[in-house]
Number of protein chains: 2
Amino acid sequence: MSGEDNLLRLVEAEEGEENDYHLQDQVGFILRKAHQRHVAIFAAHIADLTPPQFAALAKLYDIGETSQNQLGTLIAMDAATVKGVIDRLKARGLVELSKHEIDKRRLLVNLTPEGREAIERLIPLARTITEETLAPLTAKEAATFLRLLAKLA
Amino acid sequence: MSGEDNLLRLVEAEEGEENDYHLQDQVGFILRKAHQRHVAIFAAHIADLTPPQFAALAKLYDIGETSQNQLGTLIAMDAATVKGVIDRLKARGLVELSKHEIDKRRLLVNLTPEGREAIERLIPLARTITEETLAPLTAKEAATFLRLLAKLA
DNA sequence: TTGATATCATTTGCATACGAATGAATTTGC
DNA sequence: GCAAATTCATTCGTATGCAAATGATATCAA
C-alpha cells in the first residue's frame, strides 16, 4: 500500500465516497457459490449422473424424442455442450440417437428403456435435492427466492 | 407412452398426486441459468478477463499478498482450479509469485503494478455488471434476493 | 430456379470445476 | 523428539461451458 493510496482514501472519506469493492457482496460471486453448493448437494444424492446429464434425461422424459439442438435449447446448453452430454449418455446406454427422416440435418435423441428406468428412479431424489438446497430458507422465503431468481434467469 | 403409463396417470389423478416433474421449476436448473446469464453480462462488459480471474485480482487488491491456497478459499475455488487461474494471470503479467520464506510449502501471490492498474480500471465496470444483472428486479426485490441468495450460498 | 441466408451438427481451443492421488513441509499429540 | 496427522501445492482425468470455424442441409427471396 503506497502513500498515494492512503491519501486517496483520506480524500474519498472526506467526500463520503464508497470506494470499497467487496467481492463477497456481488451478485455474480454469490450466484457462483450458490450454484456450487447446489452441485455438491446433487452429487451427494446422485453420484452417477451430473446435473446437466440429469437435465437432459428429465427433459426427454417430459417431452419425448426431440432433436439434439432443440433439447439443448430446452435445457439451456449450447450445441457444443449438449453434444458432449448426449455422447456420454449414449455411451452409457441411457439415450439412443437416430436420423430425422425428412430433415437430414437433425439428430434425434430419445430415452432408451434403461434411460427411462433411470430417470423414473432419480426424480424422487431430485425432489430431495431441491428441498435440501432450499433448506436454509423458510417456505415463504423459498417461494420468494424462486420467484425472484426466475426473473433473473 | 404405454397403456400402463396412462393407467398410472389416471390412478394418480384420482388420488390427487402431483407426479409431474418440471425441470424448469427446479432451483438448481434456474440457478444454473441465472449464473449463465450473469457470465454473459460479465463477458459483454469485460472481454479480456473471466469472472474467476476477476475475482482473484479483486481479492488480491482487497487483502494484498496471500498464499495460493488461502486465495482459493477466499474466492471459493479448490486448489486445482485456483492454480489454473493464477497460472493464466501470471502468464499475462497481472500477478507475481514468490516463495514463503518461513513456510516452504506456501506459494505467495501478489498483484503486479499492471495487475493493480487493471483491477482499478475494471472495478467500475464490475459495478455496472452487478447493476445489469439485477436490472430485472426493483431495488427492494434486489435487496431481498441478495439476502436470500446469501443464505443459500 | 437459384443465390443468399439460416439452421443443425461437429470440431477445436480455451477456461473453469472438482475428485483423487502424490509429494513436500509443517504441526500435533503423546 | 518423533510418529501421525494435517496442510499446501501439483498433476491427472473427467465434465461442463462457450466462441469460432466448418460442412451439410434447408429455407427464403428475387
Side-chain angles (χ1 to χ4, degrees), chain A residues 28-29 31-44 46-57 66-92 94-95 97-109, chain B residues 28-29 31-44 46-57 66-92 94-95 97-109:
Chain A
F29 182 70
L31 218 38
R32 178 169 145 269
K33 287 214 298 176
H35 182 246
Q36 280 177 0
R37 174 170 168 271
H38 168 75
V39 172
I41 291 171
F42 188 101
I46 300 180
D48 60 342
L49 226 52
T50 65
Q53 289 167 1
F54 175 86
L57 294 185
T66 187
S67 74
Q68 192 174 273
N69 211 51
Q70 173 66 8
L71 180 61
T73 300
L74 293 171
I75 59 181
M77 284 177 216
D78 71 8
T81 301
V82 80
K83 186 192 187 313
V85 172
I86 293 303
D87 278 355
R88 285 180 283 277
L89 291 175
K90 178 178 186 295
R92 293 174 54 179
L94 299 175
V95 302
L97 305 179
S98 58
K99 291 177 185 171
H100 193 287
E101 302 246 322
I102 296 162
D103 188 340
K104 293 178 184 172
R105 296 169 305 178
R106 296 190 199 173
L107 186 63
L108 296 175
V109 190
Chain B
F29 183 70
L31 218 38
R32 177 168 145 269
K33 288 214 297 176
H35 181 247
Q36 281 177 359
R37 174 171 167 271
H38 168 75
V39 171
I41 292 171
F42 188 101
I46 301 180
D48 59 343
L49 226 54
T50 65
Q53 289 167 1
F54 175 87
L57 294 184
T66 188
S67 74
Q68 191 174 272
N69 211 50
Q70 173 65 8
L71 181 61
T73 299
L74 293 170
I75 59 180
M77 283 177 217
D78 71 8
T81 301
V82 79
K83 186 189 188 313
V85 172
I86 294 303
D87 278 355
R88 286 180 283 277
L89 291 174
K90 177 178 185 293
R92 293 173 55 178
L94 298 177
V95 302
L97 304 180
S98 57
K99 290 177 185 171
H100 193 287
E101 301 247 323
I102 297 163
D103 189 338
K104 292 177 184 173
R105 295 169 305 177
R106 296 190 200 174
L107 185 63
L108 296 175
V109 190

Fill in: Heavy-atom closest pair, residues A/Arg32 and B/Ile75
NH2-O, 3.0 Å

Collect all protein-nucleotide pairs involving nucleotides 5-9 of chain C in which both atoms are nitrogen or oxygen and the distance is under 3.5 Å.
from	atom 1	to	atom 2	distance (Å)
C/dT7	O2	A/Arg105	NH1	2.7
C/dC8	OP2	A/Asn69	ND2	3.1
C/dA9	OP1	A/Leu107	N	2.4
C/dA9	OP1	A/Leu107	O	3.3
C/dA9	OP2	A/Asn69	N	2.5

Worksheet item: Rounded to the nearest Å, what distance is computed from the CD1 atom of residue A/Ile46 to the C1' atom of nucleotide D/dA15?
Response: 16 Å

Worksheet item: Is it true that a side-chain atom of A/Arg106 and a backbone atom of A/Gln70 form a donor plus acceptor pair closer than 3.5 Å?
Response: no

Worksheet item: Is there a side-chain contact between B/Ile86 and B/Leu107, using heavy atoms and a 4.5 Å cut-off?
Response: no

Fill in: Contact under 4.0 Å: A/Thr81 side-chain N or O vs D/dT16 OP1/OP2
no

Worksheet item: Under a 4.0 Å heavy-atom cut-off, which of residues 84-91 of chain B touch DNA chain C?
Response: B/Val85, B/Arg88

Worksheet item: Just how far, in rounded Å, is C1' of D/dG17 from NE2 of B/His38?
Response: 15 Å

Discussion item. With a 3.5 Å distance limit and no angle check, can you tell me whether A/Arg88 reaches the backbone of A/Gln53 through a side-chain donor-acceptor pair?
Written reply: no

Worksheet item: When the distance from CG of B/Leu71 to C1' of D/dC8 is rounded to whole Å, what number comes out?
Response: 14 Å

Item to complete: Kindly point out which of D/dC18, C/dA15, C/dC18 is positioned nearest to the side chain of B/Ala80?
Response: C/dC18

Worksheet item: Where the side chain of B/Gln53 is concerned, which of C/dG19, D/dG17, C/dA15 is the nearest nucleotide?
Response: C/dA15

Item to complete: Check the distance between D/dT10's P and B/Asp78's CG and give it to me in whole angstrom.
Response: 13 Å

Response to the item:
From CE of B/Met77 across to P of D/dT10 the rounded distance in Å is 15 Å

Worksheet item: Say you draw a straight line from NE2 of A/His100 to CZ of A/Arg105; how long is it, rounded to the nearest 0.5 Å?
Response: 10.0 Å

Discussion item. In whole Å, I'd like the distance from the CZ atom of B/Phe42 to the C1' atom of D/dA19.
Written reply: 17 Å

Item to complete: Whole angstrom is fine here: how far is it from CD in B/Gln36 over to C1' in C/dA15?
Response: 15 Å

Discussion item. Mind checking if B/Ile102 touches a base, just sugar-phosphate, or nothing, with heavy atoms under 4.0 Å?
Written reply: sugar-phosphate

Discussion item. Please check this pair: side chain of B/Gln36 against backbone of A/Ala76, looking for a donor-acceptor N/O pair closer than 3.5 Å.
Written reply: yes

Worksheet item: Parallel, tilted or perpendicular: which fits the ring planes of B/Phe54 and B/Phe42, with parallel below 30° and perpendicular above 60°?
Response: perpendicular

Worksheet item: From B/Thr73 OG1 over to B/Asp78 CG, what is the distance, rounded to the nearest 0.5 angstrom?
Response: 10.0 Å

Response to the item:
Correct closest heavy-atom pair for A/Ser67 and A/Leu108 would be N-CD2, 3.9 Å

Worksheet entry | Between P of D/dG17 and NE2 of B/His35, the distance in whole Å | 10 Å

